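From a predicted model like this one, the values you see are computed outputs, not experimental measurements. All values below were derived from every heavy atom in this structure, side-chain atoms included, with hydrogens, water molecules and symmetry-related copies excluded.
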Amino acid sequence: QTAHSSDNNFSLSGGGEKANYLLSLGYLNETGTTIGTKYNRFNLMYNMDYRFSNKLDVSARFNFTSGSRDASYTDGQLDTSPRGQAFIKMPNMSPYYIDSTGKRTNQYFTPFIENDLQGTYASTGNYNPVALVHEATNNTKSTNGRMIFVLHYKFLKDFDYFGTVGLNITANRMKKYFKLRYWCKMDQD
């Protein structure tokens with residue numbers, strides 16, 4: 001399929017004698033060249049600096065990112081992605097089942113049946129590439145948040161103290177699923 005991408009960003013900054021700030025927002029949306037693949041990401045950044053006096057100032061940095069990626073299904077074998085399966089698929093086989101009258105049905109072809117009009121795949125494990133892009137799920141959601149606080153105190157002309165405290169939180173969640181009825185695994189004699 002034709003892939004599209006949009007990247008939107010917004011920034012706001014300002015400040016005065018004592019305080020400065022920067023706020024930035026972003027949203028990325030991409031569709032992949034394979035049906036069923038896409039990526040969405042939202043990000044937020046906020047920086048703030050505050051000067052209490054000539055000797056004491058603090059800084060705060062906050063970053064947050066949340067993304068969702070839909071990828072092609074693979075099962076860990078050599079190339080079970082939809083594109084890889086399309087390359088090794090027999091070119092005379094329809095991705096849909098052909099009934100006894102020779103008409104194409106809306107049912108995905110699953111080469112379990114012996115002696116049918118379409119024959120069977122010769123390899124030991126195959127997926128229907130069209131079923132892969134429409135019926136499989138391979139989604140990863142990720143979230144990352146980071147906060148950093150810095151305290152700066154100037155004791156003497158050449159002596160400064162910097163204290164830094166940070167927190168980083170990351171969470172990933174994956175959902176991967178494919179209906180086994182669209183898979184073929186046959187023993188060779």
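Once rounded to the nearest 0.5 Å, the distance linking OG1 of T140 with CE of M174 reads 4.0 Å. To the nearest 0.5 Å, atoms CD (Q1) and OG1 (T33) are separated by 7.5 Å. Remark: S68 OG to K175 NZ distance equals 9.5 Å, nearest 0.5 Å. The CZ atom of F10 lies 11.5 Å from the CG atom of L44; values are rounded to the nearest 0.5 Å. In this structure, OG1 in T143 is found 10.0 Å from CZ in R173, a value given to the nearest 0.5 Å. From D70, atom CG reaches atom OG1 of T31 across 11.5 Å, with rounding to the nearest 0.5 Å.
When every heavy atom of N47 is checked against every heavy atom of F62, the shortest pair comes out as OD1-N, 4.3 Å. Scanning both residues, P82 and P129, for their nearest heavy atoms gives O-CB, 3.5 Å.
Panel note: side chain N43, backbone T65; no donor-acceptor pair is recorded below 3.5 Å.
For residues 136-153, there are no salt bridge (Lys or Arg N to Asp or Glu O under 4.0 Å) pairs, not counting sequence neighbours.
For the salt bridge (charged side-chain N to carboxylate O under 4.0 Å, His left out) test, no residue two or more places apart in sequence or in another chain qualifies with D57. The salt bridge (charged side-chain N to carboxylate O under 4.0 Å, His left out) check on R41 picks up nothing, with sequence neighbours excluded. Applying the side chain to side chain donor-acceptor pair (under 3.5 Å) criterion to K55, with sequence neighbours excluded, gives no partner residue.
By the criterion of side-chain heavy atoms lying less than 4.5 angstrom apart, applied directly or through intervening Ile, Leu, Val, Met, Phe, Trp or Tyr residues, M48 is grouped together with F149 in one hydrophobic cluster. Y50 and M45 fall into different hydrophobic clusters, where Ile, Leu, Val, Met, Phe, Trp and Tyr are joined by side-chain heavy atoms under 4.5 Å apart, directly or via other members. No continuous path of ILVMFWY side-chain contacts below 4.5 Å connects M147 to V150, so the two sit in separate hydrophobic clusters.
Below 30°, between 30° and 60°, or above 60°: for F159 and F155 the angle between ring planes is between 30° and 60°, a tilted geometry. Between H152 and F162, the ring-plane angle classifies as parallel under the 30° and 60° cut-offs.
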Discussion item. Run the side chain to side chain contact (heavy atoms under 4.5 Å, CB included) test on V133 and Y73 for me, step by step, so that the C-alpha distance in whole Å, both residues' side-chain angles and the decisive distance to 0.1 Å come before the verdict.
Written reply: CA-CA 8 Å; V133 298; Y73 180 87; over 6 Å; no
Passes side chain to side chain contact (heavy atoms under 4.5 Å, CB included), Y39 versus L28? Steps please. CA-CA 8 Å; Y39 179 63; L28 173 69; 3.9 Å; yes
What's the verdict on side chain to side chain contact (heavy atoms under 4.5 Å, CB included) for N144 and N168, showing C-alpha distance, side-chain angles and the deciding distance? CA-CA 7 Å; N144 180 264; N168 189 26; 3.3 Å; yes
Run the salt bridge (charged side-chain N to carboxylate O under 4.0 Å, His left out) test on D49 and R61 for me, step by step, so that the C-alpha distance in whole Å, both residues' side-chain angles and the decisive distance to 0.1 Å come before the verdict.
CA-CA 9 Å; D49 300 308; R61 305 284 182 260; 3.2 Å; yes
Original post:
How far apart are the C-alpha atoms of F64 and Y46, what are their side-chain angles, what is the distance that settles it, and do they pass the side chain to side chain contact (heavy atoms under 4.5 Å, CB included) test?
Top reply: CA-CA 9 Å; F64 175 79; Y46 180 71; over 6 Å; no
Kindly list each side-chain donor-acceptor pair under 3.5 angstrom involving residues 16-27, sequence neighbours excluded, with atom names and distances?
unit_1: K18; atom_1: NZ; unit_2: F52; atom_2: O; d: 3.2
unit_1: Y27; atom_1: OH; unit_2: N40; atom_2: OD1; d: 3.3

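At most 12 non-hydrogen atoms from other residues, nucleotides or ligands lie less than 6.0 angstrom from CG of N54.
Within the hydrophobic cluster formed by Ile, Leu, Val, Met, Phe, Trp and Tyr side chains joined at under 4.5 Å, directly or through other members, V165 stands alone, with no partner residue.
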